[in-house]
J.: 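So that we are looking at the same thing, I have put the structure below in C-alpha cells.
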Amino acid sequence: MSTQILFASRMLRSKAKGAAFLRPYSSSTYTTGDRLHGYTVKQVKRVPELELTAITLEHEKTGARHLHINREDSNNVFAVGFHTPVSDSTGVPHILEHTTLCGSDHYPVRDPFFKMLNRSLATFMNAFTASDYTIYPFATTNPVDYANLRNVYMDAVFHPRLTKLDFKQEGWRLEHEVPTDTTTPIQFKGVVYNEMKGQYSDSNYLYYSRMQQAMFPGTTYEFSSGGDPSDITNLSHEELLNFHNQHYHPSNARFYTYGNFPLEDHLAAVGEQLKNFERITPPTVNKVAVPWTAPKKATSTCAPDPLSPPDKQNKISLSFLANDSSDTFETFSMRLLGYLLLDGHASPMYKALIDTNLGTEFSVNTGYDSSTRSTCLSIGLQGVKDSDVELVQGRIKEVLEQVKTEGFDPIRIEAAIHQLELGQKHKTADFGLTIMHGITSGWFNGVDPVDLLQLNKNLDALKQGLDKGNFFESRIEKYLLNNPHTLVFTMKPDASYATDLVAEEKERLAVKVNSLTESDKTEILEQGKALESAQDKTENLSCLPTLTLKDISPKAKRTVLDHSGICNTPVQWRTTATNGITYFRAISTLPVLSDELKMYLPLFCDSLLSLGTREQTMASIDDEIRLFTGGLRASTTTSTSHSDIDLMEEGLVLSGNCLDRNIDKMYTILTKLVRETNFDNTDKLKTLIMGNASGLVNSIADSGHVFARAYAGSTLTPTMRNSELLGGMSQMNFMSQMAAKEDLSDVVNKLKTIADAVLKQSSLRVAITCGEDAVSSNEKALSGFISSLPIQGKPLVCDPNTFTPEYKKTFFPLPFAVNFSAKVIRGVPYTHPDGAKLQVLSSLMTNHYLHREIREKNGAYGGGARYAGLNGLFSFYSYRDPRTLATLDSYHNAIDWVTKRVFSDQEITEAKLSIFQGIDSPQSVSEEGMLQFVNGISDEMRQWRREEFLKVTQDDIKAAAETYLLGSEKDGHYSVAVLGEATDKIAEDNGWSINQWGEAVKQ
Ligand SMILES: [Zn+2]
C-alpha cells in the first residue's frame, strides 16, 4: 500500500514497540489567547478518543508555529520541521538535512548528532526529508536528556556550520579512488549520492517517485527532494547555504512537543532561541496541480528482476487526482474508500486483479496518498504480463463501474469502522511519533493539525453521510470515473537499464573531469587529504552534553506474570490495563522436520490466512477477521537456547488481538483456520505463491545487510541456519523457484504433511495479555480452542539434523548499484558473562572506528558492528556500500585497532548508554513478558545481564576482543557474505562461493 517516501539520516533501528502508559488525564490550564514566553495560545482542544489535549500556539515575533500534545505518556517527543519544497532534483533539502547534523556554533564538533546517540538514553533520534518538508524528531523519557537533545537539535538547524568539507562528505564530491593517490581515478563520492544510487536501484521506489513526478507536473512534486544521482552533482555549496538561509527560519518552522513534560518548559527553552530572529516571508513554490482536461499516459523503465519470470515484470497503475488535502473530512473519506476498494481478500480490486492472477501484487503506489498538497488515489499491479497491460486498465474501470452501481457490502464498511475503533485503543510506546507522522504532511500543507486528530468528529460525519446514501458511490463517480486528471503509468524492465546508468555516470564524470584545471586538481587532492585528516582527528567532545551511568536505573523493570494450565497446555498470563483489548499468542514447537519440508513452513503459515476452508471462502473469513479482530497472524520462530548457542527451539506462532467483547469470535476464527484450511485450493495457492515471490529483489534491496548477516551467520549456528532457510536468501530462492511451478500437487502434499504434524496440544504453549476483567472469558474461550486441537501430531520419519560450523565467504550477485556485506563470528550464549562484554565492544568499535571508516571514508550509507545477545553472534555489516572490498579490509583492521586502542571511561560509559537505550526503551503492552514466553528469559536473568553490562571494564573489553575477535581472525573462524555487484577479487578461485539464482543456494 502506498506510503510516503522519507529519507532518514540514519538507518532505522528495529526495536520492540513500546507502550504509552495510561493514567487519568489531568486537565490543562491553558485557554485561547493566553500569552506565554513570547507565544500566544491559538487553540486548546481535548481529544478524548486519544486521551490527549492538543494546544496550538504561535510565536509572536517570528510567527513560528507550535503544536503541543499533552498526554500522560513518559515517552516525550520533540520535533522541529521546516517547509522545504524544491524546484529541482539536486536533493538540496536531503543533503542539507545530513549536513546540519555535522556540527553547529555551540557544538563545533564533527557529527554531534551521531555523537549524541551515545550520550543519551533517547528512545528515538533521526531526521527525515519528505517530498515537501524536513523534520528532526527525537524521543526520550528522561527530562535532562530531553533538554540536552533539544539544545543540540535547535543549534543544528538554526546555527549549523555547513562547511564546504561537510557538504562534500555528505552530498557529493570528486575525489581520487584512494584520496591521496593521484594515480587512482577520480570518482563521484558522497553519502547522499550513494544513498540515492541505492534508492534508485529499488524499482519500487523508482516506480513511486516517477509516478508522482508525472502526476503533478508544474508543482514541486515533479522533482525529487531526495535527489536524483544525475542531478545531485549539479548542486553547489553556495546553493546549499542559500537554501538553508531561506528555509531554516522560525517563520517557516513547525515545532511539535508531545508527552507529560510541561509545555511551559518547552516554550521557555524554544522561545529563548527564537527571540533573536526577525519575521520573514518564507519562499513559496507551487504545490497545487492544475487539473488536466484529458487523461495522460507515461512510461518508464527499470532494471529486470532476476528472480521473476522475464515476461511478467510490468508495473501499471491508474492514478486519480483527488481532493485538496486541506479538506480533512474528504481526506478521511477517501482513505476509507481506498481501504474498501483495495484492502484484503474480500475487496473488489483484490478479487478482480490479484485472485485472477492478472498481476502478482498491487503496485507500490496503490492506495490513497495524502502526502502531497493535491491528494491522489492509485490502483495498480506489478508482475503483469506484457500482453495483459491493457487488460488491467479495462478491468480496473469495470470494477469501479460495478461498485458505483452496486455499492459496498455494509459488512465491509462496518469492518472498516471497527478497525478504526480498535486502532485508537491499541496504544504503542511510540504513540507520540505515530501522531507526529500522521499530522506533519497535512500541517505543512496548511491543514489545522488538530483537525487531523479528531477521529470521532470524522466518524460522526461519515455516519451521517452514509445515512443519506450514495456516499462512496458519488466519490467513485467524481474522482475515479469522471476525472480527466487520470494518469496511466507503466514501467517495463529494460536489459540495458543498469549499463545505461553506469554509462550516464561515466559520461557525467568525464565532462566534469575534463573541465578540471590544474588548480582544480590540486584542490581535489588537498580536499581528499583534508577530509581524511578531519575524519581521523580525535576531538574534544566536552562541549556536548551527556547523561551519565547514574541515569541508568540499576534495577530492570519487572513484568508480573502468572502461569496456569488449561487442558495440560501451559498458559502465561499478563494482566494489566490494555484499554479493553486481549492479546493472544501461541507457540507450537515443531517436531524434527527435514530441510526440504522446513522450506515450506513460511508458505504453510501464509496458507492458513489465505486459502479459506471447504465451507467458507477466504474473502468471507477475511471479513470476519476485520469485523471482530485487530488482525490474526501465523509465522515461524527460531530461538537460541539462553545457555547454549548450539541448541535451538523451532516453532510456529499464532497471534492476534481483539476487543474483549469479541474474544469468543476470535478463538472461533482461529480454530477454523487451524483445523479446516483447505490446502487443495490450488487457485488461491497459486495466487499466494506468486504474490510471495513478487518483489523479492526489492525486499532484499531494502535490508540487504540483514540478509548478508543472516546468510553468513547460517554457517555458524543451527539457529541462524534455520532462520536462513525460513527467511533468508535460501527462502527467497526457494520462493522464486516455486513460483515457476505449473503443477502444485506436490506442494499441496507437503502442506498437508506439515498440517498433520504441527499445531497440536502436546506441543503448545500460550500467552495472554488482557485486563483483569477479561481473564475468565479468555480462560473459557481458550479451553475451547485448545481442546479442538488433536493431542499428538502424526509422527514424521526424519533424520535429526546435525550441524557443524563452517567458515566461508559467499557472494550473491544482484542488480544493485551499491552492495551489502557482513562478516560474522561465533560468540557466547545469553547467560555467559562475556556476552555483555562483546556487546559493549561492538558499540565501541562502531562509534570509534567503523562508522568513520565505512560511512565517512568508504561512503556507505551505514555500517558497523553488532552483537546479538540472544543469538550469540558478533557481526560486522555494511549497508548500501560502494566500496565493499575496502569495507572488508575495515572489518579486518578494526580488530587490530581495537586490541591496541585504550578507551576512556567516558567512551565506555557512552557505549553502555547506547546499549541501555535499547534495553530500557518503553514497551507496548502487547510486548510485555514476551522475552520470557518466547526465549525463556526471566526477569532475574535480565537483571543479572543488566548488572553485567554496568560492570564491563576496559580490561574486559580487551580480553573479549582478543579471545573472540582476534582468535577467530587468526584461525579463519568467521563467515562473510556479500550481496550485489561482483568485483574481480570476488571470484571462486579467490576462495569465494558464488551463488547463481535458480540453483539451490549453496549451504
Ligand atoms: Zn539520507
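Hydrogens, waters and symmetry mates play no part in the numbers below; they use all other heavy atoms, side chains included. One-based numbering, in listed order, for ligands and for the atoms of each.
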J.: State whether a side-chain donor-acceptor pair under 3.5 Å links T129 with E97.
T.: yes
J.: Rounded to the nearest 10 degrees, what's the angle NE2 of H98 makes with OE2 of E195 at the Zn ion (ligand 1)? Could you check?
T.: 160°
J.: Got an N, O or S from E97 under 2.8 Å of the Zn ion (ligand 1)?
T.: no
J.: Please round to the nearest 0.5 Å and tell me the distance separating atom OG of S230 and atom CE of M196.
T.: 10.5 Å
J.: Parallel, tilted or perpendicular: which describes the rings of Y193 and F188, with under 30° parallel and over 60° perpendicular?
T.: tilted
J.: Does one side chain, of T440 or Y256, offer a donor that lies under 3.5 Å from an acceptor on the other?
T.: no
J.: Please name the atom of H94, limited to N, O or S, that comes nearest to the Zn ion (ligand 1).
T.: NE2
